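All remarks here apply to the structure that follows.
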Amino acid sequence: MRIGSSGDWHLDCGLDADIERSVHQIAKVFRDGNVDMIALPGDLFDRKSTPEGRNLLRALIQEMAEIAPVIICYGNHEEPGDLDIFGQVRSKFSITVFDRPDSFCPASAYGPDCMIHVLPWFTKSTWQAAHAGESKEEGDIAVSRLAMDFLKQAVYLSPKDRKHVLISHLTIDGARLENHQPFKGEGIKFGRYDLEEVGFYAGILGHIHLRQQFEEASPLFFYNGSPAALDYGESPEKYCSILDTNGVGVEWYRLETVDRFSLELEWGTGISRFEASYLGITGVRERIPGARVRALLKVPEGEDIAHAKAEVERMIMEAGALETKVEPQVVPKTLVRSVDISSAERLPDKLDAYWKANDNYPSVEDQQGMKMKLTELETGSVFRST
């Protein structure tokens with residue numbers, strides 16, 4: 001059986017155009033890849049849906065359902081009932097929305113070789129109402145145990161000759177975020193080897209935006225990640241996948257996405273310092289065209305903030321950015337001047353920065369004399385002349 005999957009679309013987050021662009025690419029991958037089923041494991045909305053978001057999601061799910069049956073489960077970002085209506089959309093193949101755990105045997109070109117187990121995000125409201133004295137952490141542990149008990153029973157009661165595939169929105173212990181730090185989230189959380197020990201052949205998981213597989217346990221437990229960069233810290237390398245249960249494993253397909261990143265820049269008297277800082281950042285010129293760029297701009301107090309912001313916006317857009325957001329930050333002059341001293345490369349320049357920081361200049365003759373001596377010391381000409 002071939003199962004295409006993608007998740008964590010987060011429509012209504014303000015980046016619907018980028019997400020839609022990626023989902024159209026994903027649909028083409030699934031169509032060309034002859035998938036038997038499409039799994040969307042949660043967080044299709046970013047928050048409570050809007051009419052615009054619902055209309056877009058309907059069109060995207062309908063596009064998927066022209067290729068193969070679509071399985072959707074709730075994530076932690078969906079409001080109760082937000083996805084239910086999409087199970088009623090008319091299409092060539094069925095669209096099934098799961099708001100509670102379930103298992104079924106899907107039709108496949110290979111025959112009934114799989115059992116699909118769907119585990120949506122568990123809300124703890126009912127459990128916590130009955131255990132009001134328990135902490136949030138204890139609630140997470142209890143709900144995770146309930147979820148694991150369900151999966152054990154579901155696998156135990158299923159035909160023994162099937163490969164068990166989980167579609168779920170949850171956290172695997174040791175999963176990494178975009179900065180490759182371990183994810184410490186709430187809700188259902190399983191150990192790295194739990195699913196394999198229960199008897200699962202594969203797990204198609206949603207919840208984390210970084211693509212990853214758990215090689216130590218099994219390479220068939222994986223997150224697709226988000227289909228577009230949804231934050232300035234996210235990598236533009238995004239993927240969808242096809243799981244082939246006929247022994248091939250997971251096939252990964254990289255998407256063409258819009259880059260989204262941040263710059264830290266300084267503004268000086270005039271624009272010269274900004275240009276030097278901007279041009280000196282390795283790889284920035286090549287990365288800006290077609291990207292959404294956020295510039296964190298340090299502006300010394302007393303400077304014209306509106307002018308600095310407008311100029312930086314202009315330069316980034318002229319460099320080919322799709323969008324730019326400049327966020328000015330006023331920096332006290334004393335801090336700027338101390339930075340000038342430490343960042344000056346030549347001794348005469350450091351001396352200039354020191355005089356400026358203290359607003360105390362010697363006579364022009366003394367300035368020239370001291371700079372000349374420092375230049376001689378720096379170049380070694382004093383020692384050569386003796």
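Treat the numbers as computed from the prediction; the structure is a model and nothing was measured.
- When the side chain to side chain donor-acceptor pair (under 3.5 Å) test is applied to Y74, the partners found at least two apart in sequence or on another chain are D84.
- Between the side chains of N224 and S6, no donor-acceptor pair of N or O atoms lies under 3.5 Å.
- L119 is not connected to V97 by any chain of hydrophobic side-chain contacts under 4.5 Å among Ile, Leu, Val, Met, Phe, Trp and Tyr, and they are in different clusters.
- Between P227 and S22, the shortest heavy-atom contact is O-OG, 2.7 Å.
- Counting side-chain heavy-atom gaps under 4.5 Å among Ile, Leu, Val, Met, Phe, Trp and Tyr, the cluster of V258 also holds L322.
- Taking every heavy atom of both residues into account, F221 and E196 meet most closely at CZ-N, 3.8 Å.
- Applying the side chain to side chain donor-acceptor pair (under 3.5 Å) criterion to K28, with sequence neighbours excluded, gives D32.
- How far CD1 of I242 is from CG of N34: 8.5 Å, rounded to the nearest 0.5 Å.
- Of the charged side-chain nitrogens involved, none lies within less than 4.0 Å of a carboxylate oxygen, so that R2 and D36 do not count as a salt-bridged pair.
- Residue pairs meeting the side chain to side chain donor-acceptor pair (under 3.5 Å) criterion with at least one member in residues 89-105, sequence neighbours excluded: S103-H117.
- Rounding to the nearest 0.5 Å gives a distance of 13.0 Å between OH of Y239 and CD of Q25.
- The backbone N or O of D12 sits less than 3.5 Å from a side-chain atom of R47, completing a donor-acceptor pair.
- One finds the CD1 atom of I95 at 6.5 Å from the CD1 atom of I72 (value rounded to the nearest 0.5 Å).
- Applying the ring pair (Phe, Tyr, Trp, His ring centres under 6.0 Å) rule to pairs touching residues 10-33 yields H10-H77, H10-H209, sequence neighbours excluded.
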**Item:** Candidate pair V70 and F86, rule side chain to side chain contact (heavy atoms under 4.5 Å, CB included), full reasoning
**Value:** CA-CA 10 Å; V70 176; F86 299 103; over 6 Å; no
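- Between C114 and H164 there is no side-chain heavy-atom pair separated by less than 4.5 Å.
- Shown here are the side chain to side chain donor-acceptor pair (under 3.5 Å) partners of Q88, two or more places apart in sequence or in another chain: there are none.
- Side-chain heavy atoms closer than 4.5 Å link hydrophobic residues (I, L, V, M, F, W, Y) into clusters, and following such links, even through other members, never connects M64 to I71.
- By the 4.5 Å heavy-atom criterion applied to side chains, M1 and L243 are not counted as neighbours.
- At a cut-off of 3.5 Å, with distance as the only test, no side-chain donor of S241 or E251 sits close to an acceptor on the other residue.
- Residues satisfying the salt bridge (charged side-chain N to carboxylate O under 4.0 Å, His left out) test with R260, not counting sequence neighbours, are none.
- L297 CG to I305 CD1: the interatomic distance, rounded to the nearest 0.5 Å, is 9.0 Å.
- Under the ring-ring contact (aromatic ring centres under 6.0 Å, His included) test applied with H207, the options Y223, W121, F190 reduce to a single match, W121.
- Take P236 and apply the side chain to side chain contact (heavy atoms under 4.5 Å, CB included) test, not counting sequence neighbours, and it matches T257, D259, R287.
- The side chain to side chain donor-acceptor pair (under 3.5 Å) test applied to S168 returns no partner, not counting sequence neighbours.
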**Request:** Begin from the C-alpha positions of K189 and L170 and carry the test side chain to side chain contact (heavy atoms under 4.5 Å, CB included) through to its verdict.
**Result:** CA-CA 6 Å; K189 188 174 184 179; L170 53 76; over 6 Å; no
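- Under the 3.5 Å distance criterion, the side-chain polar atoms of E20 are left unmatched by any main-chain donor or acceptor of D18.
- Here the closest non-hydrogen pair linking P41 and G7 is CD-CA, 4.1 Å.
- Ion pair R162/D113 not flagged as a salt bridge, since none of the NZ, NE, NH1 or NH2 atoms sits closer than 4.0 Å to an Asp/Glu carboxylate oxygen.
- Residues R31 and E66 are not in side-chain contact: their nearest non-hydrogen atoms beyond the backbone lie 4.5 Å or more apart.
- The ring pair (Phe, Tyr, Trp, His ring centres under 6.0 Å) analysis of residues 284-329, with sequence neighbours excluded, yields the pairs W267-H307.
- Nearest heavy-atom pair across H169 and C73 is N-SG, 4.2 Å.
- Side-chain polar atoms of K238 and S226 form a donor-acceptor pair below 3.5 angstrom.
- Taking the side chain as every heavy atom from C-beta outward, R292 and T324 never approach each other to under 4.5 Å.
- Side-chain atoms of E197 never come within 3.5 Å of backbone atoms of D194 as a donor-acceptor pair (strictly under, hydrogens ignored).
- For Q153 (side chain) and D149 (main-chain N/O), no donor-acceptor pair under 3.5 Å exists by modelled atom type.
- Counting heavy atoms from C-beta on, the side chains of L230 and C13 come closer than 4.5 Å.
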**Request:** Under the side chain to side chain contact (heavy atoms under 4.5 Å, CB included) rule, what do I172 and F214 come out as? Steps first, then yes or no, please.
**Result:** CA-CA 9 Å; I172 295 293; F214 297 94; 3.6 Å; yes
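- Applying the side chain to side chain contact (heavy atoms under 4.5 Å, CB included) test to E318 and every residue at least two apart in sequence or in another chain returns R314.
- Relative ring orientation between F222 and W252 is described as perpendicular, the plane-to-plane angle rising above 60° on a 0-90° scale split at 30° and 60°.
- The nearest pair of heavy atoms linking K309 to P328 is CD-CG, 3.9 Å.
- Listed for the E327 side chain is no donor-acceptor partner under 3.5 Å among the backbone atoms of R294.
- Here the NZ atom belonging to K325 is positioned 12.5 Å from the CG atom belonging to L296, to the nearest 0.5 angstrom.
- Counting only heavy atoms from C-beta outward, the side chains of T50 and N55 never approach each other to under 4.5 Å.
- E78 contributes a side-chain N or O that, together with a main-chain N or O of D43, makes up a donor-acceptor pair within less than 3.5 Å.
- For K163, the salt bridge (charged side-chain N to carboxylate O under 4.0 Å, His left out) test picks out no residue, with sequence neighbours left out.
- Rounded to the nearest 0.5 angstrom, I167 CD1 and I3 CD1 are separated by 6.0 Å.
- Hydrophobic clustering of Ile, Leu, Val, Met, Phe, Trp and Tyr side chains at less than 4.5 Å, counting indirect connections, unites V29 with V35.
- For the residue pair D82 and S49, a side-chain donor N or O sits within less than 3.5 Å of a side-chain acceptor on the partner.
- Counting all heavy atoms, side chain and backbone alike, F93 lies closest to I67 at CE1-O, 3.3 Å.
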**Asked** What do the steps show when you test L11 against L44 for side chain to side chain contact (heavy atoms under 4.5 Å, CB included), and what is the final call?
**Response** CA-CA 6 Å; L11 294 172; L44 300 185; 5.7 Å; no
